[in-house]
2 protein chains.
Amino acid sequence: MKDVQNSIPQHKQLYQTLKAQIQNGVYQPGDLLPSEHALCKVFSVTRPTVRQALSNLVTDGLIKKQRGKGSIVQAAKTGIGILSIKGTTASLPAGALETRVVHPPQVVKWQRDFDFEISEAEMQAGCIRMSRLRLIGQVPVLYETTNLPNINLPRFCNRSFDNKSLFNTLSKYYDIEVVGGEQKIWALPASGEICQLLKLEAGQPLLHLQKRYETSRPFFNFYSSLWCNTEQYFLQGPF
Amino acid sequence: MKDVQNSIPQHKQLYQTLKAQIQNGVYQPGDLLPSEHALCKVFSVTRPTVRQALSNLVTDGLIKKQRGKGSIVQAAKTGIGILSIKGTTASLPAGALETRVVHPPQVVKWQRDFDFEISEAEMQAGCIRMSRLRLIGQVPVLYETTNLPNINLPRFCNRSFDNKSLFNTLSKYYDIEVVGGEQKIWALPASGEICQLLKLEAGQPLLHLQKRYETSRPFFNFYSSLWCNTEQYFLQGPF
DNA sequence: GCAATCAACTTGTAATGACAAGTTTACTCA
DNA sequence: TGAGTAAACTTGTCATTACAAGTTGATTGC
């Protein structure tokens, strides 16, 4: 922390260092970080600086502080508001979740099977639509249709989404991160093609979600519509 | 801020004062709070103390700070991950949402009608349980059972929860803020007493949520189980 | 009248010192 | 051996000082 002329504040440098170390597993959940005094010495900064860095880690939920004890590393959160599938009885066996592409990405016109407002720019750019089915042990559990505005996403339709996450692809190739969004949730009786895809009888309770994802790219949102058979599994997520 | 012998830290007193003023509308969204220097003079504290109070308001999302300008009061958030009821066609008319207490708060033993792990301390302290029915225009839409550990909540069972929010009560009287949590969601066919409460026919699709709320009070969680008739309304929320 | 500049604000960063309060560990004494 | 205590930790609180950096508005000069 000697390069004071560096434009990055010291507390931010320390914050980033500790954050990377936690995320890379240098400190495991339950571990204690070095004490504030120790961090002062190691990084050659004063305690207010260390405390500001730690305070930001607390805000991020990466650590919890306990008076008299220290800074306790917390278990990583899976992602804000992102729901994942969990079994009602036990956690999913590794590799049991299969993703099958029903409709590969294709440029189409926007349709209104989700009820979020679309901006004029998005409307004119057109829509990349894809739909995927997720199965747990050969049993279809979730059907998802994703709509992205066709804005500056070169070669998107050529990419494979079999097992890779859409989020990873957007992050890796297009530097787009999901930063938030909104969702609507309700239960409805199964009907039509969803019955066939999820192999459900008509009238069975079905969980339906419509999501708008906000991203780090300004004014770039994308949209998902999900149908989930929750007879044996449910959706779970932090908030 | 003169009573230093008071056990409440000065930055916390200032935080609570400002928070109350914001929530009571003394400062409107978009307004600027008094400058840090001004707050120092008014409350007879130093700038680090003021800055800590403001920092907590930033974490709460009640203000945003802008260098060179000041502390800008933000519009009240609906609550992170907190789902609210919305109509499928239009937003709810003001005052249309009624809350009816089915079971007033009562100290009981913990039961396992929600599947989150309870700590030993929580188990021994016992449980305050209450259940409320929410109606939109005399139509019951949502039934919610809330379970709180009976730890340091004086006079809780005597409080009224007819129209006031549980969150407001916890914040105002016990200084407990919800900072996050996790939830499980699934759809199921209506059955039993829920049918009667929500006036549904058996077998109708019903939305079920189980939530664990983490709070600003260390190790203090509380739990909710919700059943929602989503024939005409759905749940909505940011993430 | 208009634009550039500067002064007077604002918050951000940082060092230093001191004491309070909670936790853990080691030691002492019964 | 055991329990109690004290010391050595930890983080929490708070005052003080100084300067950096961004914003705003008034002033100045054209």
Side-chain angles (χ1 to χ4, degrees), chain A residues 1-18 22 27 30-74, chain B residues 1-18 22 27 30-74 121 151-152 175 177 216-220:
Chain A
M1 293 292 157
K2 294 157 189 172
D3 46 343
V4 180
Q5 89 285 358
N6 193 330
S7 61
I8 300 179
Q10 296 179 26
H11 71 83
K12 202 161 194 173
Q13 292 182 39
L14 176 55
Y15 161 79
Q16 289 170 341
T17 301
L18 292 173
I22 291 171
Y27 300 105
D31 286 357
L32 291 178
L33 289 186
S35 74
E36 295 180 354
H37 184 61
L39 290 172
C40 289
K41 283 199 293 189
V42 172
F43 291 93
S44 303
V45 293
T46 57
R47 220 178 128 214
T49 305
V50 168
R51 283 181 63 79
Q52 177 151 10
L54 294 179
S55 170
N56 291 334
L57 291 175
V58 169
T59 301
D60 290 351
L62 288 168
I63 64 171
K64 281 192 178 176
K65 304 189 78 178
Q66 192 177 340
R67 186 184 212 153
K69 193 168 185 187
S71 304
I72 308 160
V73 175
Q74 298 300 113
Chain B
M1 293 293 155
K2 292 157 191 171
D3 45 342
V4 181
Q5 88 286 0
N6 193 329
S7 60
I8 300 178
Q10 297 179 26
H11 71 83
K12 201 160 192 174
Q13 293 184 39
L14 176 54
Y15 162 79
Q16 290 170 340
T17 301
L18 292 173
I22 292 171
Y27 302 106
D31 285 357
L32 292 179
L33 290 186
S35 74
E36 296 180 354
H37 183 61
L39 290 172
C40 288
K41 283 198 291 190
V42 172
F43 291 93
S44 302
V45 293
T46 57
R47 225 178 124 214
T49 305
V50 168
R51 283 180 63 77
Q52 178 153 9
L54 294 179
S55 169
N56 291 334
L57 291 174
V58 170
T59 301
D60 290 350
L62 288 168
I63 64 170
K64 279 192 179 177
K65 305 190 77 176
Q66 191 178 340
R67 186 185 211 151
K69 194 168 186 189
S71 304
I72 309 160
V73 175
Q74 299 299 113
I151 302 173
N152 198 17
D175 197 30
E177 305 291 338
S216 54
R217 185 193 282 187
F219 308 114
F220 187 89

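Side-chain atoms are counted along with the backbone in the values below, which use heavy atoms only and exclude waters and symmetry mates. Residue numbers begin at 1 in each chain, while the letters A, B, ... track the order of the sequences. These numbers come from a predicted model, not from an experiment.
Across all strands shown, A/Thr49 has heavy atoms under 4.0 Å from sugar-phosphate atoms exclusively, and none from any base.
Summarising the geometry, the separation between CG on A/Leu57 and C1' on D/dT11 is reported as 15 Å, rounded to the nearest angstrom. Atom CD1 of B/Ile8 and atom P of C/dA21 are 14 Å apart (whole Å). Spacing between atom CD1 of A/Ile72 and atom P of C/dG22 amounts to 16 Å, rounded to whole angstrom units. For B/Phe43 and D/dC14, the CZ to P distance is 14 Å, given to the nearest whole Å. Taking atom NZ of residue A/Lys64 and atom P of nucleotide D/dG12, one finds them 14 Å apart after rounding to whole Å.
Between the side chain of A/Ser55 and the backbone N or O of A/Arg51 there is no donor-acceptor pair closer than 3.5 Å.
Checked against salt bridge (Lys or Arg N to Asp or Glu O under 4.0 Å), A/Lys12 has no partners two or more places apart in sequence or in another chain. For B/Leu32, the side chain to side chain contact (heavy atoms under 4.5 Å, CB included) partners are B/Ile72, not counting sequence neighbours. By the side chain to side chain contact (heavy atoms under 4.5 Å, CB included) test, A/Ser35 is found to be paired with A/His37, A/Ala38, residues two or more places apart in sequence or in another chain being considered. For B/Gln66, the side chain to side chain donor-acceptor pair (under 3.5 Å) test picks out no residue, with sequence neighbours left out.
The salt bridge (Lys or Arg N to Asp or Glu O under 4.0 Å) pairs that include a residue from residues 63-74 of chain B are B/Glu36-B/Lys65, where partners are two or more places apart or lie in different chains.
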Discussion item. So if I define the base as every atom that isn't primed, P, OP1 or OP2, how would nucleotides 4-12 of chain C read as a B/S/- string at a heavy-atom cutoff under 4.0 Å?
Written reply: ------BBB

